[in-house]
A.B. asks: 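Can you keep this structure in mind? I'll have questions shortly.
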Amino acid sequence: MTGETAGCWNFPENNSGQARRIADAGMATFQGNRIGALAREICQNSLDALKAGEDGVTVTFAWRSVPKKRMPGYAAVKRALEDAKAFWDTQTSPDTQNFLKEAVRKINDPLDMMVLRMSDDHTTGLSYPYEPNRLDGWNALTRLDGGATKSGDSAGSYGIGKNAPFVSSWCRLVFYRTLNEQGERAAQGMMRLVSFPKQGDADHLTTGIGYYGNPKRNLPVPEIPELEALSRREGTGTDVFVYGFQIPKEVDTEMGSWDEDIKLELLSNFIYAIYRNRLTVVFENNAGTREILERSSMGRYVERFYARSKKAKVKNLYNTYLLLRYSERVNSFSKPFHGLGTLNLRCLNQEGEPSLNRQVLVVRKSGMTLYYMKSISKTINFTGILELQGEKLNAFFRAMENTDHTKWESKRHPSPSRAKLYLKELRDWVQDSVISLVDKQVVDEEVEVKVKGLSSMLQEGAMELPPTIALVESQEQPKETIQPAHSEFEAAQQPAPEPSRGILHRNQPAEQGKETGQTKKTKGTITERGIHSVMRLLKGTRKRKKKTMHKGEEDPQGKDLLLKPERGKWQDVPLQSLRILKLSGNHYRLLFEVPVPVRKG
């Protein structure tokens with residue numbers, strides 16, 4: 001079935017069913033960040049619909065200023081808004097009344113309206129547009145609540161993301177168009193408005209959802225001339241037209257203009273996909289000027305945004321960019337995960353400036369940002385990216401995603417107990433991998449340092465570190481001093497190395513490799529804290545019948561006989577490769593090499 005050519009608006013009745021106000025839970029989700037939601041949901045759906053044999057998708061954001069009367073079915077839209085306002089003015093619903101008052105004002109305003117077109121290429125397009133009994137493909141987008149918006153990967157299967165474009169329209173009006181792999185063309189408009197009397201009859205309210213196309217079963221039509229006038233689709237893919245696009249006021253934007261905000265949102269949510277050449281974004285303004293955001297140009301945008309703002313979002317983006325840019329400095333870790341797939345972690349670790357965010361960016365298979373994993377280490381200067389590789393692994397963790405696709409919550413999973421264990425295991429592995437960066441750095445750089453004041457602590461058995469310890473390299477070739485961020489260490493350098501003051505105080509056997517096994521008699525005193533065997537010497541000439549042994553201490557003025565084990569001589573041996581690292585708070589790690597074999601101590 002190819003559908004009828006002519007299109008018109010149809011607002012189905014609710015048959016005395018539920019009435020609809022403007023406050024819609026599905027759209028309220030995106031009210032706080034309309035630009036971000038729009039950029040994220042559109043590109044996510046396009047990535048999920050990558051065409052077989054293609055390496056990546058191209059998404060175009062193009063905006064045009066269009067006279068309102070060139071809107072498909074303008075008269076019917078105007079009448080629906082005015083009828084809805086008249087009905088809701090008699091009800092008690094301030095939010096609905098305010099929305100309709102502003103919408104009626106704008107539809108009667110002679111100024112042009114903005115139309116934002118978002119188009120993807122190298123994608124499959126939407127299937128089954130003329131089969132209303134199928135609730136996948138095209139119908140999942142236009143007729144099904146809670147269904148996936150694209151064919152292909154089921155990522156994004158909540159379907160709530162399809163509401164994002166409507167939130168960005170002051171009249172809640174969006175048109176869809178597709179060309180699929182079967183060669184079918186389809187176009188249809190939708191209004192997610194409010195219930196209102198049909199033909200002025202309050203006993204016959206509409207559902208609040210209007211369709212532009214073939215009114216018979218609310219099917220699409222092959223094409224809508226007004227859309228073709230804006231752009232013509234040649235290859236497979238899908239287009240979304242937002243009529244009445246609301247341009248945020250400058251004070252409501254992060255980068256000073258809404259189009260710069262879209263670029264920031266795209267980079268924040270898809271920098272890894274752009275880096276992997278899975279996503280290219282084209283921007284085309286009202287004058288026809290084009291910009292391209294791709295791997296080769298993303299650095300220019302990131303640097304520009306970082307120069308303008310140091311907000312957390314921009315700083316995290318800049319950290320991820322540094323990791324991708326300096327890939328030769330990156331440490332990689334991988335872990336097969338319960339036969340589901342592989343965890344792939346990449347970390348950039350460096351001393352000094354710039355101070356990195358100490359977080360790990362978690363991305364799904366398509367390269368879309370999920371969230372930044374925090375609270376991994378407060379002292380190690382690092383940033384990382386965790387990628388889940390494998391269909392089963394992505395499917396398992398996708399079942400834990402919240403509706404915004406920004407967090408994993410084990411309670412959402414069909415097997416919450418198992419999900420909780422796997423989530424903890426994943427996080428523990430990430431944390432252990434990050435902590436291992438410190439030891440790896442020490443081994444790789446082979447930096448030998450001496451710690452002033454530490455030798456006295458070792459000799460005297462002191463356990464607490466002094467408030468300030470200077471680290472000095474003892475290699476002949478000068479290198480950068482160790483400068484842990486936010487630590488209490490004071491870095492220093494000397495022109496010439498000095499011998500290490502750290503020592504091992506050890507007992508050397510009398511004979512090489514053997515202990516004597518003998519005792520030495522000396523004077524002592526019986527005490528409760530003694531550790532040596534002591535025999536009390538009695539006065540007089542009477543012979544002792546039984547030798548009673550006590551514990552005591554060595555004492556040159558003692559009156560008793562102390563039997564002290566014969567041991568080898570004690571000697572001091574310099575320690576090697578002495579290092580001290582601050583872990584967190586007042587916790588430190590002392591690393592050194594013992595120069596001789598040690599049996600116990």
A.B. asks: When you compare the side chain of Phe396 with that of Arg418, does any pair of heavy atoms fall below 4.5 Å?
C.D. replies: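 Heavy-atom side-chain distance check passes, below 4.5 Å.
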
A.B. asks: Could you go step by step and tell me if Phe283 and Ile262 meet the side-chain contact (heavy atoms from CB on, under 4.5 Å) rule?
C.D. replies: CA-CA 10 Å; Phe283 306 96; Ile262 282 187; 3.8 Å; yes

A.B. asks: Find out whether Cys347 and Thr383 are in side-chain contact, i.e. whether some heavy atom of one side chain is under 4.5 Å from a heavy atom of the other.
C.D. replies: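 No, too far: nothing below the 4.5 Å cut-off.
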
A.B. asks: What residues, two or more places apart in sequence or in another chain, satisfy side-chain hydrogen bond (donor to acceptor under 3.5 Å, both in side chains) together with Arg192?
C.D. replies: none

A.B. asks: Taking C-beta and beyond as the side chain, do Trp429 and Leu386 meet within less than 4.5 Å on heavy atoms?
C.D. replies: yes

A.B. asks: Rounded to the nearest 0.5 Å, what separation is found between the NZ atom of Lys335 and the OG atom of Ser433?
C.D. replies: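 If I round to the nearest 0.5 Å, the distance is 9.0 Å.
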
A.B. asks: Hey, mind stepping through Leu324 and Met298 against side-chain contact (heavy atoms from CB on, under 4.5 Å) and telling me if it holds?
C.D. replies: CA-CA 11 Å; Leu324 299 175; Met298 71 178 190; 4.1 Å; yes

A.B. asks: Does any N or O in the side chain of Asn269 come within less than 3.5 Å of the main-chain N or O of Thr369, such that one atom is a donor and the other an acceptor?
C.D. replies: no

A.B. asks: If we ignore angles and hydrogens, is there a donor and acceptor under 3.5 Å between the side chains of Ser119 and Arg117?
C.D. replies: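 Present: a donor and an acceptor within the cut-off.
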
A.B. asks: Please name the pair of heavy atoms, one in Pro414 and one in Ala399, separated by the smallest distance, quoted to 0.1 Å.
C.D. replies: CD-CB, 4.0 Å

A.B. asks: Quick one: is the NZ or CZ of Lys263 closer than 6.0 Å to the six-membered ring centre of Phe305, and within 45° of its axis?
C.D. replies: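 Relative to the ring axis of Phe305, which defines the angle, Lys263 lies outside at least one limit.
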
A.B. asks: Between Asp120 (side chain) and Ser46 (backbone), is there a donor-acceptor pair under 3.5 Å?
C.D. replies: no

A.B. asks: Grab the two heavy atoms, one from Thr342 and one from Ser334, that are nearest each other, plus how far apart they are.
C.D. replies: CG2-CB, 4.1 Å

A.B. asks: Between Glu409 and Lys420, does any side-chain N to carboxylate O distance fall below 4.0 Å?
C.D. replies: no

A.B. asks: Can you tell me if NZ on Lys310 sees more than 12 non-hydrogen neighbours from other groups inside 6.0 Å?
C.D. replies: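 It does: Lys310 NZ has more than 12 such atoms within range.
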
A.B. asks: If I take atom CG from residue Leu266 and atom CD1 from residue Ile35, how far apart are they, to the nearest 0.5 angstrom?
C.D. replies: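 One finds 10.0 Å between CG of Leu266 and CD1 of Ile35.
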
A.B. asks: Which value, rounded to the nearest 0.5 Å, describes the distance between Leu293 atom CG and Tyr301 atom OH?
C.D. replies: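 Answer for the CG-OH pair, Leu293 versus Tyr301, is 6.0 Å.
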
A.B. asks: Please check if any side-chain donor atom of Thr320 sits under 3.5 Å from a side-chain acceptor atom of Tyr372, or the reverse.
C.D. replies: yes

A.B. asks: Report the distance from atom CG of Leu47 to atom CZ of Arg364, rounding to the nearest 0.5 Å.
C.D. replies: 9.5 Å

A.B. asks: For Glu265, is there any backbone N or O sitting under 3.5 Å from a side-chain donor or acceptor partner on Ser268?
C.D. replies: no

A.B. asks: Using a 6.0 Å cut-off, check whether atom CG of Asp55 has over 12 heavy atoms from anything other than its own residue.
C.D. replies: no

A.B. asks: Holding to side chain to side chain contact (heavy atoms under 4.5 Å, CB included), I want the full list of residues that pass it with Met118, two or more places apart in sequence or in another chain.
C.D. replies: Leu38, Ile42, Phe61, Leu116, Val240, Val242

A.B. asks: Salt bridge check: are Arg325 and Glu303 linked by an N-O gap of less than 4.0 Å?
C.D. replies: yes

A.B. asks: A side-chain contact here means heavy atoms from C-beta on lying under 4.5 Å apart; do His413 and Trp408 qualify?
C.D. replies: no

A.B. asks: Does a side-chain heavy-atom distance below 4.5 Å link Arg64 with Glu284?
C.D. replies: yes

A.B. asks: For the pair Thr236 (side chain) and Thr123 (backbone), establish whether a donor and an acceptor sit closer than 3.5 Å, ignoring hydrogens and angles.
C.D. replies: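 Yes.
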
A.B. asks: Can you name the closest pair of heavy atoms from Lys311 and Ser309 and give their distance?
C.D. replies: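 So the minimum-distance heavy-atom pair works out to N-OG, 3.2 Å.
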
A.B. asks: Would you mind reporting whether Glu391 and Lys365 have side-chain heavy atoms less than 4.5 Å apart?
C.D. replies: yes

A.B. asks: Counting distance only, does the side-chain N/O of Arg34 pair as donor-acceptor with the main-chain N or O of Ser169 below 3.5 Å?
C.D. replies: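 Side chain of Arg34 to backbone of Ser169, a donor-acceptor pair under 3.5 Å: no, none is there.
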
A.B. asks: How close do Val57 and Leu50 get, heavy atom to heavy atom, and via which atoms?
C.D. replies: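 Reported closest heavy-atom pair: CG1-CD1, 3.5 Å.
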
A.B. asks: When you compare the side chain of Val59 with that of Val282, does any pair of heavy atoms fall below 4.5 Å?
C.D. replies: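 Result no, sub-4.5 Å side-chain heavy-atom pair not found.
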
A.B. asks: To the nearest 0.5 Å, how far apart are CZ in Phe99 and CG in Asp95?
C.D. replies: 10.5 Å

A.B. asks: Are the charged groups of Glu401 and Arg398 less than 4.0 angstrom apart, N to O?
C.D. replies: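 So Glu401 does not pair with Arg398 through a salt bridge.
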
A.B. asks: Would you please name every residue forming a side chain to side chain contact (heavy atoms under 4.5 Å, CB included) with Ser417, sequence neighbours left out?
C.D. replies: none

A.B. asks: Using side-chain contact (heavy atoms from CB on, under 4.5 Å) as the criterion, point out the one residue from Asp259, Val115, Ile247 that pairs with Trp63.
C.D. replies: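 It is Asp259; the other options fail the test.
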
A.B. asks: Within 45 degrees of the axis of the six-membered ring of Phe166 and under 6.0 Å from its centre: does Arg172 put its NZ or CZ there?
C.D. replies: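 Because its charged atom misses either the 6.0 Å distance or the 45° angle limit, Arg172 does not stack over Phe166.
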
A.B. asks: Quick check: does any side chain N or O of Asn286 sit under 3.5 Å from a backbone N or O of Ser65, one acting as donor and the other as acceptor?
C.D. replies: yes

A.B. asks: So, do Trp258 and Phe245 have ring centers that fall under 6.0 Å from each other?
C.D. replies: yes

A.B. asks: Start with the C-alpha gap between Tyr321 and Tyr306, add the side-chain angles, then the distance that decides, and say whether ring pair (Phe, Tyr, Trp, His ring centres under 6.0 Å) holds.
C.D. replies: CA-CA 11 Å; Tyr321 166 66; Tyr306 188 65; 9.5 Å; no

A.B. asks: Which word best sums up how the rings of Tyr422 and Phe337 line up, parallel for under 30°, tilted for 30 to 60°, or perpendicular for over 60°?
C.D. replies: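 It falls in the perpendicular class, over 60°.
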
A.B. asks: Has Asn402 got a side-chain atom pairing as donor or acceptor with Thr406's backbone, closer than 3.5 angstrom?
C.D. replies: yes

A.B. asks: Do Tyr275 and Glu294 have a side chain donor and acceptor closer than 3.5 Å?
C.D. replies: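 Glu294 and Tyr275 do not have a side-chain donor-acceptor pair below 3.5 Å.
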
A.B. asks: Quick test of your reading of the model: are Arg308 and Glu260 salt-bridged, counting only N-O distances below 4.0 Å?
C.D. replies: yes

A.B. asks: Report the C-alpha separation of Val363 and Ile385 in whole Å, then their side-chain angles, then the decisive distance to 0.1 Å, and conclude whether the side-chain contact (heavy atoms from CB on, under 4.5 Å) test is met.
C.D. replies: CA-CA 7 Å; Val363 298; Ile385 294 180; 4.3 Å; yes

A.B. asks: Identify the heavy atoms of Leu317 and Leu267 that sit nearest to each other, and give their distance.
C.D. replies: CD1-O, 3.6 Å

A.B. asks: Show your working on side-chain contact (heavy atoms from CB on, under 4.5 Å) between Leu141 and Tyr176 and close with a plain yes or no.
C.D. replies: CA-CA 9 Å; Leu141 177 64; Tyr176 302 109; 3.5 Å; yes

A.B. asks: Just how far is it from atom CG of Asn394 to atom CG of Leu340, taken to the nearest 0.5 Å?
C.D. replies: 10.5 Å

A.B. asks: Closest approach of Ser410 and Met400, non-hydrogen atoms and distance?
C.D. replies: CA-SD, 3.7 Å

A.B. asks: Any sub-3.5 Å donor-acceptor pair from Ser377's side-chain atoms to Val434's backbone N or O?
C.D. replies: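 No, the answer is negative, given that no donor and acceptor are paired below the 3.5 Å cut-off.
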
A.B. asks: Within a strict 4.5 Å, meaning less than it, do heavy atoms of the Arg276 and Glu387 side chains meet?
C.D. replies: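 Answer yes - side chains close enough.
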
A.B. asks: Between Asn349 (side chain only) and Asn381 (backbone N and O only), is there a donor and an acceptor less than 3.5 Å apart?
C.D. replies: yes

